[in-house]
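Residue numbers begin at 1 in each chain, while the letters A, B, ... track the order of the sequences. Heavy-atom basis, side chains included; hydrogens, waters and symmetry copies ignored.
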Amino acid sequence: MNAASPRYWLMKNEPDDYAIDHALSAPDATIAWDGVRNYQARNFMRDDMQVGDGVLYWHSSCAEPGIYGIARIAGQLRPDTSQFDPQSKYYDPKSKPEAPRWLMLDVQALRKIRPITVAALRQYPELQEMRVLQKGNRLSITPVDEAHWRFIMDLVKAQG
DNA sequence: GCCAACGTTGGC
DNA sequence: GCCAACGTTGGC
């Protein structure tokens with residue numbers, strides 16, 4: 001991926017873990033985005049994300065999956081501490097502190113929006129190429145085209 | 001709770 | 001290094 005272009009991301013979270021409200025109530029509305037256990041998603045964080053990138057804050061595994069907030073990448077790529085914590089559900093016994101396998105970074109929530117559900121997103125032909133809407137998509141982090149980002153920002157504005 | 005899709009693992 | 005079996009994701 002081109003490292004210079006402005007970029008946008010969709011990041012999935014389960015509301016039980018890090019709901020948008022949880023993020024907004026954290027200090028500086030910033031949370032460490034841990035628990036990524038997929039190499040492709042990790043590589044996006046490691047290689048392509050830059051501070052300031054826009055984030056669509058997605059809730060999955062809930063009654064109405066969809067976009068629940070707007071956020072930004074706030075930085076500080078570092079080893080995901082949960083991989084070394086046997087108490088964590090994200091514990092990875094094969095990862096060693098001297099060679100951490102998983103990474104995390106900070107995401108700052110900017111605002112909560114009226115949820116734009118999967119069903120709502122599917123109504124727009126302009127968005128049908130979005131990765132998150134493709135059948136079988138399971139990646140927790142996906143790049144978002146600028147055109148898609150703009151379209152969604154317009155939807156948010158129209159919410160008033 | 002079902003199940004399609006897809007990533008990971010491990011025997012060979 | 002192939003590929004079948006298995007595990008996980010996540011919308012429905």
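- The residues Lys12(A) and Asp17(A) are annotated as not salt-bridged, no charged nitrogen and carboxylate oxygen being separated by less than 4.0 angstrom.
- Arg101(A) has a carboxylate O that lies under 4.0 Å from a charged side-chain N of Asp92(A), or vice versa, which qualifies the two as a salt bridge.
- Among the atoms of the strands shown, none is found under 4.0 Å from any heavy atom of Arg37(A).
- In this structure, Trp33(A) and Tyr57(A) have perpendicular ring planes: the angle between them is above 60°, well past the 30° mark.
- Here the range on DNA chain C touched by chain A, meaning any atom under 4.0 Å from one of its heavy atoms, is dG7(C) to dC12(C).
- The neighbour count for Arg46(A) CZ, taken as heavy atoms of other residues, nucleotides or ligands under 6.0 Å away, is above 12.
- Side-chain atoms of Ser82(A) and Arg37(A) include a donor-acceptor pair closer than 3.5 Å.
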